[in-house]
Amino acid sequence: MIRSVAQSPDNPEAEAFPSFEPAPRVARAGHGRVAPYLEGLNPEQRAAVEALDGPVLVLAGAGVGKTRVLTTRIAHLIASGRARPHEILAVTFTNKAAREMRERVSLFTGSHQGMPWLGTFHSIGVKILRMHAELVGLRPNFTILDTDDQLRLIKQILQAENLDDKRWPPRALASLIDGWKNRGLDPAHVSAGESSAFAGGRGAALYAAYQARLKTLNAVDFGDLLLEALRLFRENADVLAAFQSRFRYILVDEYQDTNAVQYLWLRLLAQGRGNVCCVGDDDQSIYGWRGADVDNILRFEKDFPGARVIRLERNYRSGGHILAVAAGLIAHNQGRLGKTLFTDAPLGDRPTVIGVWDSQEEARVVGDAIEDAQRHGVSLDDVAILVRASSQMREFEERFIAMGLPYKVIGGPRFYERAEIRDALAYLRCVAQPDDDLAFERIYNQPKRGLGDATLAILHEFGRRAGVSLMRAAQMLIETEELKARPRQLLRDLLLSFDRWRKAAEEIPHEEAAQLVLEESGYIDMWKAERTPDAAGRLDNLKELVRSMGGFPDLGAFLEHVSLVMDVESADAGQRVSIMTLHAAKGLEFDLVFLPGWEEGLFPNQRALDDNGRAGLEEERRLAYVGLTRARRTAKIYHAANRRMRGLWQSSAPSRFIDELPPDHIAVEETEGAAAFGGYGVSRFDAAGFGGRYETPGSRRAEVFRQRGDGSGFGRAAAGRSFDGKAVVRAAPASGFEEGARVFHVKFGPGSVVSADGPKLTIDFDKAGRKLVMESFVTAEP
DNA sequence: ACCCTCGCATTTTTT
DNA sequence: ATGCGAGGGT
């Protein structure tokens, strides 16, 4: 609810966030005076900072100063003498969040005092596993496989089992294993029922084979970083006890995103001192599809009896209308902890719902709106387009290129996932860890050096029987007659090179060694010789890779960083509009937010509904909530009556979420294209005998669902009103017009057809000039 | 070893 | 539509 609309001059967030410098001096708390870092917190924030002991759940809605509370809490723990930095465990999900927290904590504590146990779940998992690797059957220098390696390994296992990879795709097994690991299941605990989901009941056995293979490779995948850490604690009470007493205080960020393993792992640790503080927002739980379990946060008070729950509901980001709309929408979800954002800020702009004719018009009007905002002094950096699916991005990109509007796409393919970077890293891995078979396989004939599958098969076979890695197998085989002369020589050359590179790595700075490896191996030359347009970019990436190694003490540290971080910070110059998915937008904020594609099927996404029923719908709704709450000043929602999906045009109904927005807080607009259609086009259809159905979005949706006959559970009456007459949805009549045909358009008058593209006609109108119009608006000239 | 064609899927993504 | 991967042909 909007509690007050008076403008507050002392918005603590607005003042304290951008200007943290100079770093507040850490004063001793508890001398009667309030420690300076506590000043400027609102009462709830302050309660969340000061409730140090016992379990605490901080329900932090969007834009309530969550990060500030977390970092201040850490500062308070240290300043009050409750814990020293190395006695605090602070976990986040993303590297970005960890980095941000580390930076802000260091402003309080002074940069010399690091927080060794502040990091992502995975990085902390690695750290703990390296300390006790042997207890889970690994050597301390184990390698961390990325998804690519993981998949290739699974492929090999399926091949060894003679499974048809058409029928049983490796990807499917990979995601099953991933899911099992997310839920804390090792192969022995996978139920027969679940196991039957793959290769006729062999799922669990294949999982076991995969785990065994990882162990022989001395490797772990991402899931293991959590699962093995859990196993370590479960099977070694002494190790667990040591960590329980080490971590006097535990903080968890984004608790709503935790999965089962993370939860179990945390719970074990928290059972020690009991000082666990989880911060999260059940309304922003949008990662259920990758194992996050909202129930963890919903169950917190049960899991941790006597837990204190603190709600942060004072929002410092958005105007009152935006918050009211977001609140009205999310209120349609059941199973929430319940929390309503409010603000002292003015009501501000009403979120606008805009109906457009099709996705091209959508891109056009969004582009125009951005240019308009730009003219009014809005920086492009403060503008974002948040889409449900990345396939929606293309149309915006095309339009923005055409109009010369600078943009950036957030969350495309990541740096360390590029093929050339993976290849280069594979070389470095082979240098650092000669037994890294997956790395060796990747580069042993890359660039082409005449070593083919046949030789590799021999190495595999020999290595397997001798129980040694591929590199060692190669070393042994070049001494014998097993291999034909030519491959033997080629292999010998390669091994000699690696010996040389390893020596170099010890003697010269590692980035120079890396450069040497990439040059001498012919890898750089391979790309230089390639004359495809993207080769230059790849060479740049390789340069960037080598350059980025400079910041690390040695090759091993660099490789560890890479496997955990998987991305580099990119510095980009100039103002740009951001285009990203709603998922990628979580945690960000913009003055002006565009939310296109609010149509049934796309958003809420049909697949989410089909796969997960009401839970899926509610997660979609949370996604909508996340999108709306990104906006500081203005949110614009679009729905198109027609959209090209998978190559063909489909008509679509406005999203049910639009009906759920509180009508008093939104504004409704429609563009000419949509208006003409819904407006006086209808009577023409009637006259023309098309039997034009005049429908509300709601009735149309009802019909769509009736036809579909699904049971996804959307019987609930729409809470809002519908926007009558705004978007009539109809399939385009089938008949066509010949090129050159004389036609009459309700708005543009007479003209001649130039060309047709499906239901869209390009027409030279006698008076209005050339226009692209929908066929359904024209009739043959009388 | 390379190229071409065919078939297939196509929500969201971190570590 | 489009792009990616596998498989087959040259």
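The basis for the numbers below is simple: all heavy atoms, side chains too, and nothing from hydrogens, waters or symmetry mates. In what follows, every chain begins at residue 1, and chains take the letters A, B, ... in the order their sequences are listed.
- Shown are A/Arg336, A/Arg622, A/Gln256; of these, the side chain to side chain donor-acceptor pair (under 3.5 Å) with A/Asp283 is made only by A/Arg336.
- Rounding to the nearest 0.5 Å gives a distance of 13.0 Å between CD of A/Glu599 and CZ of A/Arg388.
- Backbone-only engagement by A/Asn95 is indicated by non-hydrogen atom pairs under 4.0 Å involving sugar-phosphate atoms exclusively.
- Proximity of the aromatic rings of A/Phe603 and A/His639 is defined here by a centroid distance below 6.0 angstrom, and this criterion is not met.
- Between A/Arg644 atom CZ and C/dA1 atom P the separation is 8 Å, expressed in whole Å.
- Across the protein-nucleic acid pair, A/Met393 atom CE and C/dT2 atom C1' stand 17 Å apart, rounded to whole Å.
- Taking the six-membered ring where tryptophan is involved, the planes of A/Phe440 and A/Tyr444 are tilted, since the angle between them lies from 30° to 60°.
- Using a 4.0 Å heavy-atom criterion, one finds that A/Phe222 contacts the bases of the nucleic acid, with or without backbone contacts as well.
- In this structure, the CZ atom of A/Arg414 is 10 Å from the P atom of B/dT13, given to the nearest Å.
- For residues 151-187 of chain A, the ring-ring contact (aromatic ring centres under 6.0 Å, His included) pairs, not counting sequence neighbours, are A/Trp168-A/Phe198, A/Trp180-A/Tyr207.
- For the pair A/Glu560 CD and B/dT15 C1', the interatomic distance rounds to 12 Å; values are reported in whole Å.
- Distance check: A/Tyr407 OH to A/Ile401 CD1 gives 3.5 Å after rounding to the nearest 0.5 Å.
- Residue A/Gly450 is the one, among A/Gly450 and A/Asp178, whose nearest nucleotide of DNA chain B lies closer to the 5' end (criterion: closest heavy atom).
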Which atoms of nucleotides 9-12 of chain B (N or O only) lie under 3.5 Å from a protein N or O atom, and what are those distances?
| residue | atom | partner | partner atom | Å |
| --- | --- | --- | --- | --- |
| B/dT11 | OP1 | A/Arg607 | NH1 | 2.4 |
| B/dT11 | O4' | A/Asn605 | ND2 | 3.4 |
| B/dT11 | O2 | A/Arg388 | NH1 | 3.2 |
| B/dT11 | O2 | A/Arg388 | NH2 | 2.2 |
| B/dT12 | OP1 | A/Ser390 | N | 2.7 |
| B/dT12 | OP1 | A/Ser390 | OG | 2.2 |
| B/dT12 | O4' | A/Arg388 | NH1 | 3.1 |
| B/dT12 | O2 | A/Trp289 | NE1 | 3.2 |
| B/dT12 | O2 | A/Arg388 | NH2 | 3.2 |

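- When rounded to the nearest whole Å, the span between CD of A/Glu417 and C1' of B/dT13 equals 9 Å.
- For the pair A/Phe415 CZ and B/dT14 P, the interatomic distance rounds to 16 Å; values are reported in whole Å.
- A/Asn182 CG to A/Gln262 CD: the interatomic distance, rounded to the nearest 0.5 Å, is 7.5 Å.
- Atom CD1 in A/Ile410 sits roughly 15 Å away from atom C1' in B/dT13 (whole-Å rounding).
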(request) Take A/Trp265 and A/Tyr263 through the ring pair (Phe, Tyr, Trp, His ring centres under 6.0 Å) test and state the conclusion after the steps. (result) CA-CA 5 Å; A/Trp265 181 84; A/Tyr263 162 76; over 10 Å; no
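- Distance OH/A/Tyr255 to CG/A/Asp282: 12.5 Å, rounded to 0.5 Å.
- Look at CD1 on A/Ile124: it is 15 Å from C1' on B/dT14, rounded to the nearest Å.
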(message) Using a 4.0 Å heavy-atom cut-off to protein, can you give one letter per nucleotide of nucleotides 3-10 of chain C, 5' to 3': B if the base is in contact, S if only the sugar-phosphate is, - if neither?
(response) ---S----
